[in-house]
There are 2 protein chains.
Amino acid sequence: MESKPKPIPLGNLAETGADEKVERRDAAANRTLILQTAVALFDEHGVSDVNMADIAQAAGVGKGTLYRRFNNKGDLCLALLDTQMSEFQETMLAQMRQMTADGETYMAQLGMFLDALVHFTAVHQPLLCEIQREGLFLLSATLSLPHFWQYMTVSGLLQAATTAGEISPELDIAYIADALLAPLKTDIFRFQREVREFSLERISAGLRSLTAALAAAPS
Amino acid sequence: MESKPKPIPLGNLAETGADEKVERRDAAANRTLILQTAVALFDEHGVSDVNMADIAQAAGVGKGTLYRRFNNKGDLCLALLDTQMSEFQETMLAQMRQMTADGETYMAQLGMFLDALVHFTAVHQPLLCEIQREGLFLLSATLSLPHFWQYMTVSGLLQAATTAGEISPELDIAYIADALLAPLKTDIFRFQREVREFSLERISAGLRSLTAALAAAPS
DNA sequence: AAATAAAATGGACTACAGTCCGTTTATTTG
DNA sequence: CAAATAAACGGACTGTAGTCCATTTTATTT
């Protein structure tokens, strides 16, 4: 368990190593072609109404080529979200650093993070929905990138809060981190938005009330 | 919003009305035949390794017949779970009545209910997994039966706890009820069990710590 | 520049979900 | 009991995900 007050998620979410073989020129060209085509189709018809065959055809490549780059639609969507996830991450880290400098509590930082995450989830819902449809979530923890770094951030902040005495040391941080993020999984999030018709503010407030309860409970 | 201290979920989960047309004899026979066949196949190969065509063939009926009774695999699994859900429900209601009689708090009852639900989820995980795979969850709130009555129970208890002054009246009960149930959705539950390797006790304890925090926080 | 090896390509192919509709069977009515 | 009607039936059919592999393209070596 990391006990550093400041969690440091991985930098670039897509390529981790340095010894990665360079991609052949035609392959690289096709990757960008596919991504651009996918964006165009998604914009026109909506993410859920576009299938892999459509993308392959529109991009003028075979299905084999498409699947060579992206194992499934979720994988492709993950690639489309990569940049924005990195930016969001950067912004959050900066904000948290600032708040620490301003003497704000870690639980306050957690509240801020969850608020921001609610908005991020709302904005990117269609892509996140596809990303989460796959078993991506299950594969060896490391592989659901979105959940992974969200989890790292939340558990890092909870750990820091524990060390700082803001919450009880009895709490199971690993569990609580998952549990706080659970209602932001797209199926539940969509259910709350579309069926229960909760506003984003209501969802944010609900999550905050949970963190507030944790902070207020006796150790 | 129901403010009764005791939530009363619907009795029989499958058939609600009284004016339901009687099923033709061959249809009824096929339904039981299909269900029995499905159970046998599920037992032999595991729920996830059996598809609808397999079931139809093993039962000696056409796919059309199968789909006429059950819209999809999740629907079929829901039918298989119907009895056990009703029993679980009955047991819980009885237990809660007893606890109320013994002067236990509603939040204590909530803890008990969540504990039991963790075990129920673990035992029936494969079926629940199929049930939740479908958009069943999304359709008009009423239609995800498992979630629906779990939600009714939890929100009912929270409401009662509020009235009894056990938790802050500021809390958004509808939100909290969803949020407490969210980590028991099968994708997250399986992730915690299989990847994080959490024990059932750890999961129960984690949920309890959340309810405890709610109960302990000032109003 | 030609030969070779490795990687990439396209589209046919398999597998499964779910639909459709012409035929059969149970039930009701006369 | 026979005819009429409505429900149920079976399996062919469509649509989509994802795999496979013979062929083509790129990069490397001589």
Side-chain angles (χ1 to χ4, degrees), chain A residues 15 19-35 37-38 41-42 45-79 127 129-139 143, chain B residues 15 19-35 37-38 41-42 45-79 126 129-139 143:
Chain A
E15 7 231 332
D19 56 347
E20 305 259 332
K21 269 272 179 71
V22 207
E23 202 170 35
R24 235 168 66 171
R25 208 176 309 128
D26 52 347
N30 268 336
R31 159 179 289 124
T32 49
L33 173 61
I34 288 169
L35 288 177
T37 307
L41 288 181
F42 287 168
H45 303 107
V47 175
S48 59
D49 282 350
V50 175
N51 63 40
M52 292 297 263
D54 291 338
I55 297 171
Q57 185 166 34
V61 304
K63 286 183 66 178
T65 306
L66 177 52
Y67 276 102
R68 164 170 283 268
R69 300 270 157 290
F70 307 103
N71 296 320
N72 48 54
K73 199 170 158 188
D75 211 29
L76 195 159
C77 291
L78 186 58
L127 290 177
C129 194
E130 297 297 331
I131 293 171
Q132 283 171 211
R133 184 191 307 301
E134 316 296 330
L136 266 177
F137 192 20
L138 278 181
L139 304 172
L143 286 195
Chain B
E15 5 233 334
D19 55 348
E20 305 261 332
K21 267 274 176 70
V22 206
E23 203 170 35
R24 234 170 65 172
R25 208 176 306 129
D26 52 348
N30 268 336
R31 160 182 287 124
T32 48
L33 172 61
I34 288 169
L35 288 177
T37 306
L41 288 181
F42 286 168
H45 303 106
V47 176
S48 59
D49 281 353
V50 176
N51 63 41
M52 293 296 264
D54 291 337
I55 297 172
Q57 185 166 34
V61 304
K63 285 183 66 178
T65 305
L66 177 52
Y67 276 102
R68 163 171 284 268
R69 299 271 157 287
F70 308 103
N71 297 319
N72 50 52
K73 198 170 158 188
D75 211 29
L76 195 159
C77 291
L78 186 59
C129 194
E130 296 297 332
I131 293 170
Q132 286 174 207
R133 185 191 306 302
E134 317 296 331
L136 267 177
F137 192 20
L138 278 181
L139 304 172
L143 287 192

Review point. Do B:F42 and B:I55 have side-chain heavy atoms sitting under 4.5 Å apart?
Key: yes
Practice item. Send over the distance from B:I55 CD1 to D:dG10 C1', rounded to a whole Å. Key: 17 Å
Practice item. Taking the side chain as every heavy atom from C-beta outward, state whether B:L35 and B:L76 have any pair of such atoms under 4.5 Å apart. Key: yes
Review point. Nearest-Å distance, CZ (B:R133) to P (C:dG18)?
Key: 10 Å
Check your understanding: For the atom pair CD1 (A:I34) and CG (A:L41), what is the distance rounded to the nearest 0.5 Å?
Key -> 12.0 Å
Point to revise | Rounded distance (Å) that lies between atom P of D:dA8 and atom CG of B:L33 | key: 16 Å
Revision key, fill the gap. Distance col, row B:D75:CG vs B:E130:CD, nearest 0.5 angstrom, shows 12.0 Å
Exercise for review: Could you tell me the separation between the CZ atom of A:R68 and the CG atom of A:N30, rounded to the nearest 0.5 Å?
Suggested key: 11.0 Å
Practice item. Please state how far atom CG in A:D49 lies from atom C1' in D:dG15, giving the value in whole angstrom units. Key: 14 Å
**Study point:** Spacing of B:L66 atom CG relative to D:dC9 atom C1', expressed in whole Å
**Key:** 12 Å
Exercise for review: Please report, rounded to the nearest Å, how far the C1' atom of D:dA8 is from the CZ atom of B:F70.
Suggested key: 14 Å
Review point. Is there a Watson-Crick or G-U wobble partner for C:dT14 with both distances under 3.5 Å, and if so, which one is it?
Key: D:dA17
Check your understanding: Think B:R69 has a side-chain N or O under 4.0 angstrom from the OP1 or OP2 of D:dC9?
Key -> yes
Review point. Considering only heavy atoms from C-beta outward, does the side chain of A:D54 approach that of A:D49 to under 4.5 Å?
Key: no
**Study point:** nucleotides 17-30 of chain D: protein proximity per nucleotide (B base, S sugar-phosphate only, - neither; heavy atom, under 4.0 Å)
**Key:** BBBB----BBS---
